[in-house]
2 protein chains.
Amino acid sequence: MKTMHKEHTLTKNQQIIFDLIDKSPEPMKAYSILFNVQKKGIKAPLQVYRALDKLVEIGKIHKIESRNAFIACHNSSCRVAKATAFSICEICEKVTEISSAGLSKYLANFKDKDGMKYIKYNLEFFGLCKKCKVK
Amino acid sequence: MKTMHKEHTLTKNQQIIFDLIDKSPEPMKAYSILFNVQKKGIKAPLQVYRALDKLVEIGKIHKIESRNAFIACHNSSCRVAKATAFSICEICEKVTEISSAGLSKYLANFKDKDGMKYIKYNLEFFGLCKKCKVK
DNA sequence: ATTTAAATTGTTATAATATAACACTATGTA
DNA sequence: TACATAGTGTTATATTATAACAATTTAAAT
C-alpha cells in the first residue's frame, strides 16, 4: 500500500469552481463565480463559498483580501495558502502572484519584537503596472 | 506666514469615530462603530464609512483587510497609510501593528521581476500570540 | 464681506459579500 | 456493515459597503 501523500481530489463543485477561476485572467469575485456556474447546477452562494473555502485551505486558490476576490495559485511550490504575496495595479486592477525566493525567505524568518513566530502571512503590494504607468 | 504642513483637523464625525477606535483595545468593525456612536448622533452606515475612508486616507487608522476591521495607527512615523504591517493571532484575534525599520526598509525597496516599484503595501502575519501559544 | 469651490453631512434605499441552520448524500475506512 | 467525516442542497438571514441626491459647512480667494 502506498504511503504517498494523497493528491487532493477535488469534488465536483470544487472542480467546476477551480476550473473557472483558473481560466480567468483576473481574480474573480464570489458572486461573479456564482453567476458563471449556475448553468452547471451550482445555484446558491453557500455552494460557492464552501468550495472557495476548501480551495483556499488546500492552496489551489488564494484570496486577495483587499479586493474580496480569488485567484488560482500559480506558484507550484505553494501547497498550502500559508505564504502569499501579490502585486496589484491600482488603475487596471491587474493582480499578479509574486514568487520571489528572497522575499519569502525574508518573511518566513521575520520575527517581531515579542519573538512571535508566524505560520502564515499575506502581503499585498500596490502600485502601477507597466501598462498603466506609461499612460 | 508659516509654511509648516497643516495638521489635519478632523471634523466632528471623524473625531468621534477616531476617538472611539483609538480607545478600543482591538480593531473595530464598521457596524460596531456605528452602534457605539449612535448616541452621538451618527445614525447611518454611510456616515461611518465616510469618516473611516478619510481617516484611512490620512493615516490615522488602518484597515485590517482580512478582518474588515479598523485600528488606530500607533506608528508615529506613519503619516499616510502607505506601508502597513500587522500581526494577527488566529485564536484570540489580537492585532498589533508591527513597526520594524528593517521590515519596512526591506519592503519599501522590494522590486519584482518586472521592475515594478510599489508605492504602498499591506502585510498581515498570522500566528499565535504569546498568551494563546501557552494554552 | 462676498462669492465660489471643495469637502462634509444627512438621508433613504439598495447592492455586494458572507454565514447560520438543517436535512440529506457520498466517500473513505475500520 | 457500520461508522465517521466531508460534502451537498436549500431557505433564510446576517454583515459589509455603496449609490444618489439635496443641504450645509469650511476654506480661500477675490
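Note that the coordinates shown come from a computational prediction; the quantities given were computed from them, not determined experimentally.
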### Task
May I have the distance from I33(B) (atom CD1) to dA17(D) (atom P), rounded to whole angstrom?
10 Å

## Note on the structure
When rounded to whole Å, the CG to P distance for the pair L34(B) and dT18(D) reads 15 Å

### Task
Measure the distance from CG on N68(A) to P on dT18(D) and round it to the nearest whole Å.
10 Å

## Note on the structure
L10(B) atom CG is separated from dA7(C) atom C1', nearest whole Å, by 14 Å

### Message
Please confirm whether the shortest side-chain N or O distance from Y49(A) to OP1 or OP2 of dT19(C) is below 4.0 Å.
### Response
no

### Query
What is the minimum heavy-atom distance between E97(A) and F86(A), and which atoms define it?
CA-CD2, 3.7 Å

#### Entry: Whole angstrom value for the distance that separates P of dG10(C) from NZ of K40(B)
14 Å

### Message
When you measure from the side-chain N and O atoms of K63(B) to the phosphate of dA17(D), is any distance below 4.0 Å, counting only OP1 and OP2?
### Response
yes

### Task
Taking all non-hydrogen atoms of both residues into account, name the closest pair between T9(B) and Q14(B) and its distance.
O-OE1, 4.4 Å

### Message
Going by salt bridge (charged side-chain N to carboxylate O under 4.0 Å, His left out), name the residues that satisfy it together with R67(A), two or more places apart in sequence or in a different chain.
### Response
E93(A)

### Message
Distance check needed: dT18(D) P versus L52(B) CG, whole Å only.
### Response
10 Å

### Task
Can you check each nucleotide of nucleotides 8-15 of chain D against protein heavy atoms at under 4.0 Å and return B for base, S for sugar-phosphate only, - for none, in 5' to 3' order?
BBBB----

### Nearest-Å distance for atom pair CE/C1', residues M28(B) and dT16(D)
15 Å

### Message
Could you tell me if S66(A) and E124(A) have a donor-acceptor pair between their side chains, going purely by distance under 3.5 Å?
### Response
yes

### Spacing of F35(A) atom CZ relative to dA16(C) atom P, expressed in whole Å
13 Å

### Message
side-chain contact (heavy atoms from CB on, under 4.5 Å), that's the test. Do I71(B) and K63(B) meet it? Break it down for me.
### Response
CA-CA 6 Å; I71(B) 192 175; K63(B) 182 172 186 182; over 6 Å; no

### Task
Over all heavy atoms of both residues, which pair between L10(A) and F18(A) is shortest? Give the atoms and the distance, please.
CD1-CB, 4.1 Å

### Task
Nearest 0.5 Å please: distance from the SG atom of C129(A) over to the NZ atom of K94(A).
7.0 Å

### Query
Is K120(B) salt-bridged to E90(A), cutoff N-O under 4.0 Å?
yes

### Task
Rounded to 10°, tell me the angle between the two end axes of the helix from dA1(C)-dT30(D) to dA30(C)-dT1(D), each built from five pairs.
40°

### Query
Closest approach of A85(B) and L103(B), non-hydrogen atoms and distance?
CB-CD2, 3.9 Å

